[in-house]
S.K.: 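Mind having a look at this structure? Questions to follow.
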Amino acid sequence: MVVRVQTADFDVGAELTAFTAGRTDIGAVVTFTGLVRGEANGRELRCMTLEHYPGMTEAELQRIDAEAHRRWPLQSSLIVHRIGTLHPGDNIVLVMAASPHRLVAFEAAAFLMDYLKSKAPFWKKEVAVDGTGSWVDARDSDADALGRWS
Amino acid sequence: MVVRVQTADFDVGAELTAFTAGRTDIGAVVTFTGLVRGEANGRELRCMTLEHYPGMTEAELQRIDAEAHRRWPLQSSLIVHRIGTLHPGDNIVLVMAASPHRLVAFEAAAFLMDYLKSKAPFWKKEVAVDGTGSWVDARDSDADALGRWS
Amino acid sequence: MTVKFLYFAWVREKIGAAEEHVVLPVDVRTVADVLAWQATRGDTYAAVFTAAGIIRVAVDQAHAQPAASIGGAREIAFFPPVTGG
Amino acid sequence: MTVKFLYFAWVREKIGAAEEHVVLPVDVRTVADVLAWQATRGDTYAAVFTAAGIIRVAVDQAHAQPAASIGGAREIAFFPPVTGG
């Protein structure tokens, strides 16, 4: 139910504390954290730039989040996605889903990530240690992952 | 690859920081947090006591963890389970699974929870606000969840 | 009809602009029409837009399929398949 | 053969003990045998162990099925289905 796009890092512990604060009805929280890997297609990475489509990004994340709530009885959800320049080991994305029971929380968190990967207007450009930049290609496996939910 | 049973609370943010510290090969971390719900079968809960089988608990969690590593290319994993008296809103269990890609991390974390629920020797006794205590029955849905992995 | 065009990622880099304001011909009515029209605007555009099926389109900040109408659109964005997460 | 018996959760509460040291008859060879033998040890044990199929058993800290041998076991635990997580 909360969606944010930001350049700053996020603090998973603080986000989780806020997510469940003052509530005693939540039984299960599934949290996904995506991180920048130091290697891509056999090349060592210096950094990565995340570009997005201001306005549409937030609208699309809201649509994805609403769809998850339509499909599952979620008590709460959170999507935080970083933009700008990120380095190996940095956080990229955070997704949380809460429900009374764990299966719903697992499914909804996986759904949010699959949809985000295929629908949210973000693009990654990788810069290798030799300075050469290249836009990341969309992966077939992400389209396949999306197919699970149709 | 780390398994702990403890009375103390756990700090998810600190655990996650330690889990990925100094690494740039991890792309995805899935974290499950289980919490004490304030209501069970229509009764308001005062607290819950978690009993376990010292020795076997750790051995069984190690077996479950090893099985997850046998099935998936996990880079890291963590299981922390609390024992003793817990109150509504308290943390009960923490599971983390890390891999280069998200599908493996999601599957392995769900697997760890399903196996833990059905195999790890913990027992919950709920105490309602009126003081009456009752042992929690095993749920058929947990046995069903386990069946997904065979 | 004047429309704002937006370009992202390698589409933006190849076109050499993030944004344009364009007067669309009246017979350009669908997403497929606007993609075909873009390919007629010179070598640079042709190189980007001739490879049909690669470029994704959003109309007024929502994903749009080739058959979708662009009637009344104020903002049309062109970009490669998304790669966030 | 002397074996340590452990009881957990409501099995422990009904038996009234967390631990016993027991001399097993020589013809008690499997998990099923030991469950049947427990049911013969008086009313309290009969009430707990006659409801066959409910009580789970671990032999030397590993889950054991009814047909499993208890030969050489040092520790046998009896408990209801687990409910952690």
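What you see below is based on every heavy atom in this structure, not just the backbone, and it leaves out hydrogens, waters and symmetry mates. Reminder, nothing fancy here: chain letters follow the sequence lines and each chain counts from 1.
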S.K.: With a 4.5 angstrom heavy-atom cut-off, could you sort out which part of Lys125(B) is near chain D: side chain, backbone, both or neither?
M.R.: side chain
S.K.: Identify the residues of residues 63-70 of chain D whose heavy atoms come closer than 4.5 Å to a heavy atom of chain B, ordered by number, or report 'none'.
M.R.: His63(D)
S.K.: Rounded to the nearest 0.5 Å, what separation is found between the CZ atom of Arg63(B) and the CD atom of Gln61(D)?
M.R.: 8.5 Å
S.K.: Check the surroundings of atom CZ in Arg43(B): do more than 12 heavy atoms from other residues, nucleotides or ligands lie under 6.0 Å from it?
M.R.: yes
S.K.: Taking atom CG of Asp43(D) as the centre, report whether more than 12 heavy atoms of other residues, nucleotides or ligands fall under 6.0 Å from it.
M.R.: no
S.K.: Quick check: does any side chain N or O of Trp123(B) sit under 3.5 Å from a backbone N or O of Phe8(D), one acting as donor and the other as acceptor?
M.R.: no
S.K.: Can you confirm whether Asn41(B) is buried at CG, in the sense that more than 12 heavy atoms of other residues, nucleotides or ligands lie under 6.0 Å from that atom?
M.R.: no
S.K.: Under 4.5 Å, heavy atom to heavy atom: which of residues 132-150 of chain B reach chain D? Give them by number, or say none.
M.R.: Trp135(B), Val136(B), Asp137(B), Ala138(B)
S.K.: Within residues 89-111 of chain B, which residues come under 4.5 Å of chain D, heavy atom to heavy atom?
M.R.: Ile92(B), Val93(B)
S.K.: Rounded to the nearest 0.5 Å, what's the gap from OG1 on Thr83(D) to CE on Met48(B)? Could you check?
M.R.: 8.0 Å
S.K.: At under 4.5 Å between heavy atoms, what parts of residues 1-35 of chain B are in contact with chain D? List them by residue number.
M.R.: none
S.K.: Considering all heavy atoms of both residues, which atom of Met56(B) and which atom of Ala58(D) are nearest to each other, and what is their separation?
M.R.: SD-CB, 3.5 Å
S.K.: For the CD atom on Glu39(B), are there more than 12 heavy atoms of other groups (residues, nucleotides or ligands in this structure) within a distance under 6.0 Å?
M.R.: yes
S.K.: Just give me the residue among Met113(B), Arg82(B), His52(B), Lys119(B) that pairs up with chain D most often, heavy atom to heavy atom, under 4.5 Å.
M.R.: Lys119(B)
S.K.: What part of Arg12(D) lies closer than 4.5 angstrom to a heavy atom of chain B: side chain, backbone, both or neither?
M.R.: side chain
